[in-house]
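The first residue in the sequence is number 1, and the count goes up from there.
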Amino acid sequence: MPWLRNFIQLSATFTRRGLPPPPRKPSAIFGPPPSIAQLLQHFSSAARSTDPGLGPTKGDEKPRVVVLGSGWAGCRLIKDIDTKAYDIVCVSPRNHMVFTPLLASTCVGTLEFRSVAEPIGRIQPAISTEPGSYFFLANCTGVDFQNHQIQCQTVTEGAKTVDPWNFKIAYDKLVIASGAQASTFGIKGANEHAIFLREVHHAQEIRRKLLLNLMLSDVPGISDEEKRRLLHCVVVGGGPTGVEFSGELSDFIQKDVHKRYSHVKDYIHVTLVEANEILSSFDDRLRKYAIKQLTKSGVRLVRGIVKDVQSDKIILSDDTDIPYGVLVWSTGVGPSPFVNDLEVPKAPGGRIGIDEWLRIPSVQDVFAIGDCSGFLESTGRPVLPALAQVAERQGKYLAKLLNRLGKAGGGRADAAKDMDFGDQFVYRHLGSMATIGRYKALVDLRKSKEAKGLALAGFVSWFIWRSAYLTRVISWRNRFYVAINWLTTFVFGRDISRI
C-alpha cells in the first residue's frame with residue numbers, strides 16, 4: 001500500500017541520518033487516505049493469508065465436534081453437548097435458530113421477528129467464551145471423510161463487502177444437521193416468483209410485499225381488476241405451515257385490514273391450493289373442522305396441481321389461472337444441493353442414509369440428524385417425517401451418545417471404532433398441533449395416523465397450542481417477547497408499519 005511504503009522509506013531515512021526529516025504535508029507522507037473498498041480488500045487479503053483453518057486437535061486439547069447447521073436438530077445437540085468434554089464448532093449460514101412453529105405469526109405482525117430468532121451464543125454460551133469453541137458464518141462446501149476435514153466458504157452479502165474465502169476445519173466428530181430446502185417438484189417459475197416460509201427473511205419479505213400491495217391498491221387510478229390481483233394472497237400447500245399462515249392472514253384481514261384499509265377491504269382475499277387433502281396427517285374430524293373454519297374465515301380452498309408459476313398468476317393442471325399479488329409456497333422439503341453432492345449412501349427420498357445410532361455407516365465419526373437424514377432401507381425402519389420434534393429429539397439423543405463416548409475416551413477421531421454405542425434411537429410421535437385462526441386450533445395426540453387417541457378442536461385447543469409453544473421457546477428472553485407481543489396484539493391490534 002502507498003502509505004506503508006512511504007512510511008518505511010521515511011523511517012529508513014530518519015535512521016540513516018540520525019536527524020528528523022523536514023516537515024512535510026501529511027498527504028505527501030502517507031498518500032491519500034484509503035477508500036472503504038480498499039480497506040475491505042486489504043482485510044480480505046489479510047484474512048486469506050493467515051492460517052487457512054483449524055487443524056487437527058492436539059493431545060492437550062479437547063476433542064472437537066463440528067456441527068453443520070443451526071436448525072432444530074443442530075441447536076438441540078449444541079445445547080446439550082458436554083463442553084467440558086468437547087470443543088464445539090458450529091458452521092451455518094445463519095447465526096440463530098428459527099422457532100418455525102411461530103414463524104407464520106410474524107408475517108402479519110402478531111409477533112415481532114426477533115421473538116422467533118434465538119442466537120447461537122445464547123443456546124450454547126461456550127461458543128462465545130471457550131477458547132476452542134467457535135461459530136463460523138459459512139457454508140460447508142465439501143467433506144473429506146478420509147482425513148476428517150471439511151471445506152467451508154464464508155457467507156457475505158452486498159456489493160461493498162469482503163470477498164468470500166475458503167478455509168478448512170479438522171474434526172474428531174462431525175454432525176451433519178444442515179436441514180433441507182423447499183421442494184418445488186420442478187415446477188417452472190416457482191423458485192423465481194414464490195416465497196418460501198422457512199426463514200425469518202422469508203417472513204420479512206412476505207410482510208413487506210403484503211403491506212406494499214395494500215398501500216399500492218389505495219392509489220387513485222388503479223383498476224378494480226388490478227386491485228383484486230394485488231390483494232389476492234395465494235398459498236400453495238395444505239400442510240400445517242400453509243394452513244397456519246392462511247389462518248393468520250385471514251385474522252389479519254378481518255381484524256386489522258378491514259379497520260385500517262377500509263377503501264380496499266372488499267378486494268383482499270386468500271386462496272389455499274392443495275393437490276390432495278389439507279392436513280392429511282390429522283384426524284378426519286379435525287380436517288373437516290379446519291375446512292369449515294377456514295371457509296368461514298374467508299379462505300377459498302382450491303384442489304388442484306400447479307403446473308406453471310408466472311410473475312402475476314399461477315396456472316393449474318386444468319389450465320385454470322389464479323392471479324396473485326403474494327404467492328407463498330409450502331409444499332414440503334427435499335434434499336439440498338450439499339446433501340445431493342455428498343458421496344454417501346442415501347435413504348429413500350435422497351436424504352443422507354443413517355443407521356439406528358444416527359451414524360453414516362460408510363464413514364467413521366460422522367453422524368446426520370434432522371431433515372437431511374433418513375434411515376437406510378437396510379435398517380428396516382421408515383424415513384421419519386421432516387418435523388421439528390423429530391429433529392429435536394435426534395439432537396437430544398445424539399448429544400447424550402457423544403457425551404457418553406467422550407467420558408469413555410472415545411471422543412477422539414477413530415477412537416470409538418470398537419466401542420458400544422448403547423441404546424438405539426427410537427422415535428415416538430407426541431402428536432400434532434396447528435392453529436387455524438379466530439382463536440381456534442387443532443390438537444391431535446394420536447401416536448400415528450392409524451392409531452386412536454385424543455383429538456381436540458376449538459378454543460381449548462388454541463389455548464393448549466399457545467401454552468405448549470410458549471413453553472417450548474428456548475430462552476426466557478424470547479418467551480417474554482412472545483408473551484408481550486401476544487398481549488400487545490390482543491389489546492392494540494397488529495402493527496402495520498412497513499419497515
[X] (side chain) donor-acceptor with [Y] (main chain) under 3.5 angstrom:
{"X": "Gln310", "Y": "Asp312", "result": "no"}
{"X": "Arg76", "Y": "Lys396", "result": "no"}
{"X": "Asp444", "Y": "Gly431", "result": "no"}
{"X": "Thr331", "Y": "Ser183", "result": "yes"}

Spacing of [X] atom [atom1] and [Y] atom [atom2] [to the nearest 0.5 Å]:
{"X": "Leu384", "Y": "Ile369", "atom1": "CG", "atom2": "CD1", "result": "12.5 Å"}
{"X": "Ser330", "Y": "His202", "atom1": "OG", "atom2": "NE2", "result": "12.0 Å"}
{"X": "Ile253", "Y": "His258", "atom1": "CD1", "atom2": "NE2", "result": "6.5 Å"}
{"X": "Met215", "Y": "Arg498", "atom1": "CE", "atom2": "CZ", "result": "5.5 Å"}
{"X": "Ile123", "Y": "Leu77", "atom1": "CD1", "atom2": "CG", "result": "11.5 Å"}
{"X": "Ile354", "Y": "Leu376", "atom1": "CD1", "atom2": "CG", "result": "8.0 Å"}

Minimum-distance pair of heavy atoms, taken over all atoms of [X] and [Y]:
{"X": "Cys107", "Y": "Leu197", "answer": "SG-CD1, 3.6 Å"}
{"X": "Phe492", "Y": "Arg260", "answer": "O-NH2, 3.2 Å"}
{"X": "Leu272", "Y": "Ser246", "answer": "CD1-OG, 3.9 Å"}
{"X": "Arg446", "Y": "Asp283", "answer": "NH2-N, 3.1 Å"}
{"X": "Gly71", "Y": "Arg94", "answer": "CA-NH2, 3.5 Å"}
{"X": "Pro164", "Y": "Thr154", "answer": "CA-OG1, 3.3 Å"}

Under 3.5 Å side-chain donor-acceptor pair for [X] and [Y]:
{"X": "Thr100", "Y": "Trp72", "result": "yes"}
{"X": "Arg494", "Y": "Thr110", "result": "yes"}
{"X": "Thr379", "Y": "Glu356", "result": "no"}

Decide yes or no on side-chain contact (heavy atoms from CB on, under 4.5 Å) for Tyr261 and Ile496, but give the supporting numbers first. CA-CA 10 Å; Tyr261 291 93; Ile496 59 171; 4.0 Å; yes

Between Arg207 and Asp495, is there a salt bridge with N-O shorter than 4.0 Å?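 Yes, Asp495 and Arg207 are salt-bridged.
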
Arg228 with Glu225: basic N within carboxylate O range, under 4.0 Å: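 Salt bridge: no.
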
Indicate yes or no: at least one non-hydrogen side-chain atom of [X] is less than 4.5 angstrom from one of [Y].
{"X": "Glu226", "Y": "Arg229", "answer": "yes"}
{"X": "Val306", "Y": "Phe185", "answer": "no"}
{"X": "Asn191", "Y": "Phe196", "answer": "yes"}
{"X": "Pro119", "Y": "Asn95", "answer": "no"}
{"X": "Asp163", "Y": "Thr156", "answer": "no"}

Apply the test side-chain contact (heavy atoms from CB on, under 4.5 Å) to residues Leu442 and Val243: give CA-CA distance (whole Å), side-chain angles for both, the deciding distance (0.1 Å), then the verdict. CA-CA 11 Å; Leu442 313 175; Val243 168; over 6 Å; no

[X], [atom1] atom: more than 12 neighbouring heavy atoms under 6.0 Å:
{"X": "Gln424", "atom1": "CD", "value": "yes"}
{"X": "Arg114", "atom1": "CZ", "value": "no"}
{"X": "Arg472", "atom1": "CZ", "value": "no"}
{"X": "Lys307", "atom1": "NZ", "value": "yes"}

Hey, mind stepping through Leu487 and Val491 against side-chain contact (heavy atoms from CB on, under 4.5 Å) and telling me if it holds? CA-CA 6 Å; Leu487 178 62; Val491 176; 4.1 Å; yes

Got a sec, which residues hit ring pair (Phe, Tyr, Trp, His ring centres under 6.0 Å) with Phe135, two or more places apart in sequence or on another chain?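 For Phe135 there are no ring pair (Phe, Tyr, Trp, His ring centres under 6.0 Å) partners, ignoring immediate neighbours.
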
Partners passing ring pair (Phe, Tyr, Trp, His ring centres under 6.0 Å) against Phe459 (at least two apart in sequence or in another chain): Trp462

For Trp465 and Tyr469, take the angle between the two ring planes, folded into 0 to 90°, and tell me which bin it lands in: parallel under 30, tilted 30 to 60, perpendicular over 60. perpendicular

Check against side-chain hydrogen bond (donor to acceptor under 3.5 Å, both in side chains), Gln153 and Asn139: CA-CA 5 Å; Gln153 185 177 72; Asn139 285 307; over 6 Å; no

For Tyr427, run the side-chain hydrogen bond (donor to acceptor under 3.5 Å, both in side chains) check against Arg381, Gln389, Arg393 and tell me which one passes.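 It is Gln389; the other options fail the test.
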
Show me the side-chain donor-acceptor pairs of residues 335-350 shorter than 3.5 Å, one per line, residues at least two apart or across chains.
unit_1 : atom_1 : unit_2 : atom_2 : d
Ser336 : OG     : Val339 : N      : 3.4
Asn340 : ND2    : Ser336 : O      : 3.4
Lys346 : NZ     : Val339 : O      : 3.0
Lys346 : NZ     : Asn340 : O      : 3.4
Lys346 : NZ     : Leu342 : O      : 3.3

Under the criterion side-chain hydrogen bond (donor to acceptor under 3.5 Å, both in side chains), I'd like the reasoning laid out for Gln151 against Thr141: C-alpha separation, chi angles, the key distance, then a yes or no. CA-CA 6 Å; Gln151 296 87 39; Thr141 57; 5.2 Å; no

Candidate pair Gln124 and Thr83, rule side-chain hydrogen bond (donor to acceptor under 3.5 Å, both in side chains), full reasoning: CA-CA 9 Å; Gln124 179 49 266; Thr83 55; 4.7 Å; no

